[in-house]
Amino acid sequence: MTQDLFGELLPEPTRENLMEGAVVLRRFALAAAGQLLNDIQQVTAQAPFRHMKTPSGHTMSVAMSCCGEQGWVTDSRGYRYQSEDPASGHPWPAMPESFRNLAGEAAAAGGFAGFETDACLINRYQPGAKMGLHQDKDEQDFSQPIVSVSLGLPVVFQFGGLKRNERPLRVPLAHGDVVVWGGPARLRYHGVLTLKAGGHPLTGACRYNLTFRRAR
Ligand code: SIN
Ligand code: FE2
């Protein structure tokens, strides 16, 4: 057993291979969850959650914010990374130490030692929100993995193939679970099914996802 901030006993993380290059680290972020959630509040006080529009004009059901040197944005001009928050014109908030440490440790546990993230996308799902199958491909170096942290309400994650039409695996994700994918799995399609209503002791009626990347 490990302990959280308050000395509470927590079940040990376990690892589940999805396919070559992709692993679910169950409960890996459980001990850090309280700090991560505090830091989400700090970041989003500076760069508030917003519903961005896709290039085709569709408003995303997931609310997003970013921190780190680069932030991922979408609008009528397309998908991209940029160093300023378009809502304020200011640089994105600095990446909290808790985020950076967790990302590096999870990447190493997933087989990608030396991962140094420069971009964290913060997704907030409220009941009814979902994310369709997509590839993370706006980054410069696909030898760098993706580290994706789930906090709060559970959801079903879809992890598919290198083509959109391949039937995805359905992977239930709970509070504290971390998915790491890279190498031959780096460009696999993925998404999440519609969030169901519920209540979580730490996040209430919502799920947060932190997606760490090396953008540049
Ligand atoms: C994403 O692919 O950006 C989000 C995945 C998730 O919410 O688990
Ligand atoms: Fe993604």
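Atoms within each ligand, like the ligands themselves, are counted from 1 in listed order.
For atom 8 (O) of ligand 1, the nearest protein heavy atom (residue, atom name, distance) is Arg207 NH2, 2.8 Å. The protein atom (non-hydrogen) at minimum distance from atom 3 (O) of ligand 1 is Asn123 ND2, 3.4 Å. Among all non-hydrogen protein atoms, the one lying nearest atom 7 (O) of ligand 1 is Tyr125 OH, 2.5 Å. The nearest heavy-atom contact from the protein to atom 1 (C) of ligand 1 is Met131 SD, 3.5 Å.
Under a 4.0 Å criterion applied to the non-hydrogen atoms of His134, ligand 1 contributes the atoms 1 (C), 2 (O). Set against the non-hydrogen atoms of Val192, the atoms of ligand 1 under 4.0 Å away are 6 (C), 7 (O), 8 (O).
By the 30° and 60° cut-offs, the orientation of the rings of Trp72 relative to Tyr79 is parallel.
When each of Val180, Val171, Val23 is checked for a side chain to side chain contact (heavy atoms under 4.5 Å, CB included) with Leu18, only Val171 meets the rule.
For the pair NE2 of His190 and OD1 of Asp136, the angle at the Fe ion (ligand 2) is about 90°; rounding is to 10 degrees.
Of the N and O atoms on the side chains of Gln158 and Tyr189, not one donor lies less than 3.5 Å from an acceptor on the other residue.
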**Q.** Test side chain to side chain contact (heavy atoms under 4.5 Å, CB included) applied to Met19 and Arg188, step by step
**A.** CA-CA 11 Å; Met19 46 189 70; Arg188 283 187 181 268; 2.9 Å; yes
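Relative to the ring axis of Phe142, Arg186 does not place its NZ or CZ within 45° and under 6.0 Å from the centre.
Counting non-hydrogen atoms of other residues, nucleotides and ligands closer than 6.0 Å to CD of Glu166 gives a total above 12.
Checking only distances, Asp136 never comes within under 3.5 Å of ligand 1, N or O to N or O. Checked against a 3.5 angstrom limit, the closest N/O atoms of Ser150 and ligand 1 fall outside it.
Residues Ala215 and Asp118 come closest through the heavy atom pair N-OD1, 2.6 Å.
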